[in-house]
There are 2 protein chains.
Amino acid sequence: MTSGRATPDRPGARRAVAATAHVTLDAVAREAGVSPATASRALNGTATVRDDLRKRVHAAADRLGYIPNAHAQALAGSANNRTVGVICHDVSDPYFAAISSGVMRAAAERGLLVMLASTFREPAREISYVSMLRAQRARAILLIGSGFQDRAWERAMDTELEPYVRAGGRVAVVSRHRSLRVDTVQPENQAGAAALARALVGLGHRRFAVLSGPPELTTVSDRLAGFREGLAEAGIGLDQVVEGAFTRDGGYEAARRLLLCAARSPYRARPTCVFAVTDVMAVGALAALREAGSRVPEDVSLAGFDDIPLVRELSPPLTTVALPLTSMGENAIALALREVGAGRRARVVRVAGEVVLRGSTGVPGGGVR
Amino acid sequence: MTSGRATPDRPGARRAVAATAHVTLDAVAREAGVSPATASRALNGTATVRDDLRKRVHAAADRLGYIPNAHAQALAGSANNRTVGVICHDVSDPYFAAISSGVMRAAAERGLLVMLASTFREPAREISYVSMLRAQRARAILLIGSGFQDRAWERAMDTELEPYVRAGGRVAVVSRHRSLRVDTVQPENQAGAAALARALVGLGHRRFAVLSGPPELTTVSDRLAGFREGLAEAGIGLDQVVEGAFTRDGGYEAARRLLLCAARSPYRARPTCVFAVTDVMAVGALAALREAGSRVPEDVSLAGFDDIPLVRELSPPLTTVALPLTSMGENAIALALREVGAGRRARVVRVAGEVVLRGSTGVPGGGVR
DNA sequence: GCGCTTTCAGAAAGCGCTTTCTGGTAAGGT
DNA sequence: ACCTTACCAGAAAGCGCTTTCTGAAAGCGC
């Protein structure tokens with residue numbers, strides 16, 4: 001089936017099964033009876049070409065089914081690369097999926113192809129992806145989500161990224177701090193968490209627990225600090241902070257540990273409200289709570305952060321701090337690719353979170369009343 | 001900051017802000033005091049290079065921070081391209097996200113970069129992505145998820161794909177039929193739906209409704225046919241089929257329409273069990289049911305298909321036919337990239353679905369008892 | 001009608017690599 | 001000591017484009 005026309009004239013044929021070669025610009029030019037230079041100009045519109053020639057070239061290209069070789073184009077042209085790279089932990093995590101979706105939409109509008117790389121939370125993979133994207137001469141590299149704990153890795157990233165930006169590459173990070181000055185889309189984690197805390201206090205809660213992630217991540221520490229701050233305004237402290245992995249199961253495990261502690265403490269000292277620093281963790285927490293027989297929100301209120309689409313479907317639907325995830329992705333790419341004057345300065349876009357009260361939070365002791 | 005070393009010798013410098021050029025292989029070769037050919041061989045290990053030279057080249061490459069230009073490599077080499085393309089409707093849909101995640105893992109193991117394209121359900125975009133991926137000379141193109149209703153579009157896809165495979169490109173489709181003979185990963189939709197039907201009948205249900213998608217999609221028609229078949233074995237017919245879009249909101253709308261009908265019919269004639277042809281639709285349906293005050297499963301049982309991770313978190317968790325989504329993605333890439341002998345034949349991998357009974361289904365009339 | 005600018009097609013020089021091809025040197029055989 | 005073989009480094013030819021550069025033809029003013 002694939003055999004097609006072999007090249008029997010050449011004695012040392014590459015492979016037994018001959019593959020039809022790609023149609024080249026030269027072939028198109030020959031077919032149209034013009035020079036390759038003219039064909040290139042006609043196809044790309046980079047210079048004025050006499051009308052009849054232009055038509056002939058286009059007709060020839062169509063007839064032959066010409067597809068330009070992007071590699072050759074990138075190699076020959078100065079900056080013809082039509083790809084951007086995105087690095088995140090895992091596309092199947094709804095948080096990254098939502099942001100990536102925004103990136104893709106924005107990329108599609110610009111006619112760019114997105115190379116998406118999942119690190120599966122391995123720092124080494126992240127760095128190797130950056131260098132692969134560098135090799136691909138991606139126009140921009142977007143780093144989405146929190147970096148890794150290890151300072152050494154961050155340093156390594158910087159040395160990887162630095163020559164890239166020097167060579168004209170654009171870097172933007174979403175929801176992540178970088179020592180290198182790069183474009184940044186940063187949610188207002190602290191303000192958002194503070195607002196959430198205020199809202200929960202407003203509901204009547206006084207005893208709080210937090211399901212936290214790796215404290216080295218600024219996302220975590222900012223949200224934690226913001227939450228504390230919001231509580232402090234009402235003179236309330238944080239009773240408990242339990243750390244877990246930044247995943248659904250991390251939230252589940254953390255909630256179990258929290259429940260274990262709670263079981264040992266007197267009823268009146270137990271937290272009436274739990275804040276999970278991400279929705280993804282909150283999902284796990286909700287499962288753990290339910291398994292343990294705690295009713296949400298009657299026995300305990302639960303809140304998250306991010307507003308990933310999924311939390312609206314939970315029952316009760318999750319109270320959270322809504323972030324415009326899709327547009328954060330769009331912003332990141334717009335930021336990275338914006339035309340720059342001589343004085344290119346890294347820009348930081350801060351996006352606000354909005355507290356959305358849903359069914360997972362209620363007045364404390366709702367179940368006992 | 002970006003200024004670095006300009007090139008003051010050249011009078012007509014490209015830009016005001018000089019960008020440090022990339023380090024080339026030639027530079028590495030010069031630094032190591034060898035020829036570019038040797039440098040290439042040393043770096044790629046394509047031929048034996050004297051040990052001291054090899055070390056010198058590697059040292060020079062490290063010192064200079066050499067990153068090979070993938071475009072030049074692809075252009076010069078025969079088949080050095082390290083990218084595969086994936087086209088799906090939307091990465092933020094958990095179904096595609098799960099499959100994509102599998103693709104990425106498999107790609108990562110092979111050192112490949114994935115170019116991921118979301119069509120956002122626009123046929124035109126799908127075709128233009130194929131041609132972009134062709135231009136990129138992607139090693140393989142993976143088409144994930146159902147194609148479009150329009151036969152004309154499918155035809156256009158074929159004419160786009162056909163020269164690609166002739167030129168040695170690999171194509172694999174997941175959960176989609178192709179007129180072109182290409183590698184396929186196909187869930188056993190019919191058998192799965194039939195098994196589900198049997199299980200539901202086993203629970204005691206006799207009156208069923210289906211929330212269906214666009215009937216032109218084989219995924220839909222197969223699942224529908226299978227479900228009918230399973231019911232027929234017990235001498236039961238399908239009371240109602242409501243069509244909706246293949247999305248969460250499509251499921252929601254379809255369920256609302258179903259409820260409208262049900263409200264007009266006598267209680268004893270109302271379906272006791274609803275099957276949504278995809279989990280994503282079932283999520284919407286569950287919301288609609290809940291809004292309407294129907295308790296699941298007491299008043300009505302609900303089942304889906306796919307087992308996307310999210311449905312485990314619902315309450316009640318959704319009964320569904322579980323598909324190994326991640327490994328389907330892995331399979332697809334393995335299939336497409338497998339080494340082929342002379343007789344390359346398109347292969348079809350059928351993956352079975354497993355009925356998973358969860359809380360969303362119960363015995364009929366469970367609420368009245 | 002002559003020299004001027006302007007317009008536009010083609011020739012040719014790369015872009016940064018890989019991969020023959022070529023040839024020099026060392027190793028091995030007799 | 002001579003010839004063959006093996007090994008390995010460098011020269012050079014592209015891969016398929018874009019983009020100068022060059023030059024022919026056409027348009028214009030005087």
Side-chain angles (χ1 to χ4, degrees), chain A residues 10-14 19 21-57 60-61 64-82 134-137 167-168, chain B residues 10-14 19 21-57 60-61 64-82 134-137 167-168:
Chain A
R10 269 212 242 146
R14 306 253 143 186
H22 289 283
V23 178
T24 68
L25 182 65
D26 280 46
V28 174
R30 218 172 309 123
E31 172 89 4
V34 299
S35 73
T38 303
S40 169
R41 286 189 276 246
L43 258 15
N44 299 322
T46 39
T48 47
V49 173
R50 221 195 319 141
D51 216 47
D52 57 323
L53 289 193
R54 200 167 42 68
K55 277 183 189 137
R56 249 164 52 205
V57 170
L64 264 38
Y66 171 65
I67 298 273
N69 183 325
H71 297 301
Q73 292 191 136
L75 192 57
S78 19
N80 293 327
N81 204 330
R82 312 249 61 186
R134 285 226 276 153
Q136 296 286 340
R137 299 296 187 259
Chain B
R10 272 214 240 145
R14 307 252 143 186
H22 289 282
V23 177
T24 68
L25 181 65
D26 281 44
V28 173
R30 219 172 309 123
E31 172 89 5
V34 299
S35 74
T38 304
S40 169
R41 286 188 277 245
L43 258 15
N44 300 321
T46 39
T48 47
V49 173
R50 222 196 318 142
D51 217 48
D52 57 324
L53 290 193
R54 201 167 41 70
K55 276 182 189 138
R56 247 160 59 200
V57 170
L64 265 39
Y66 171 66
I67 299 274
N69 183 326
H71 297 302
Q73 291 191 139
L75 193 55
S78 21
N80 294 325
N81 204 328
R82 311 249 60 184
R134 285 225 276 153
Q136 296 286 341
R137 299 296 186 261

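What you see below is based on every heavy atom in this structure, not just the backbone, and it leaves out hydrogens, waters and symmetry mates. In what follows, every chain begins at residue 1, and chains take the letters A, B, ... in the order their sequences are listed. This one's a predicted model, so the numbers in the text were calculated from it and none came from an experiment.
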**Student:** What distance do B:His71 atom NE2 and A:Asn81 atom CG have between them, rounded to the nearest 0.5 Å?
**Tutor:** 4.0 Å

**Student:** Taking the nucleotide of DNA chain D with the nearest heavy atom to each, does B:Asp51 or A:Pro36 sit closer to the 5' end?
**Tutor:** B:Asp51

**Student:** For B:Thr38 and A:Thr24, take the nucleotide of DNA chain D holding the closest heavy atom to each; which residue's nucleotide lies nearer the 5' end?
**Tutor:** B:Thr38

**Student:** Just so I know, are the side chains of B:Glu31 and B:Leu64 near enough to count as touching, which here means a heavy-atom distance under 4.5 Å?
**Tutor:** yes

**Student:** Pick the closest DNA chain C nucleotide for A:Ala72 and for A:Asp52 by heavy atoms, then say which residue is nearer the 5' end.
**Tutor:** A:Asp52

**Student:** Would you say C:dC17 has OP1 or OP2 under 4.0 Å from some side-chain N or O of B:Ser40?
**Tutor:** no

**Student:** Could you check whether any side-chain heavy atom of B:Val57 comes within less than 4.5 Å of a side-chain heavy atom of B:Val34, counting everything from C-beta outward?
**Tutor:** yes

**Student:** With a cut-off of less than 4.0 Å, is there a side-chain N or O of B:Asn44 near OP1 or OP2 of C:dT18?
**Tutor:** yes

**Student:** Test for a donor-acceptor pair under 3.5 Å between the base of C:dT25 and the side chain of B:Arg50, counting only N and O atoms.
**Tutor:** no

**Student:** Check the distance between C:dG16's P and A:Asn81's CG and give it to me in whole angstrom.
**Tutor:** 14 Å

**Student:** D:dT18, OP1 or OP2 - any side-chain N/O from A:Gln73 closer than 4.0 Å?
**Tutor:** yes

**Student:** Send over the distance from B:Leu43 CG to C:dT18 C1', rounded to a whole Å.
**Tutor:** 12 Å

**Student:** Let's test your reading of the model: under 3.5 Å, does the base of C:dG16 pair with the side chain of A:Arg137 as donor and acceptor?
**Tutor:** no

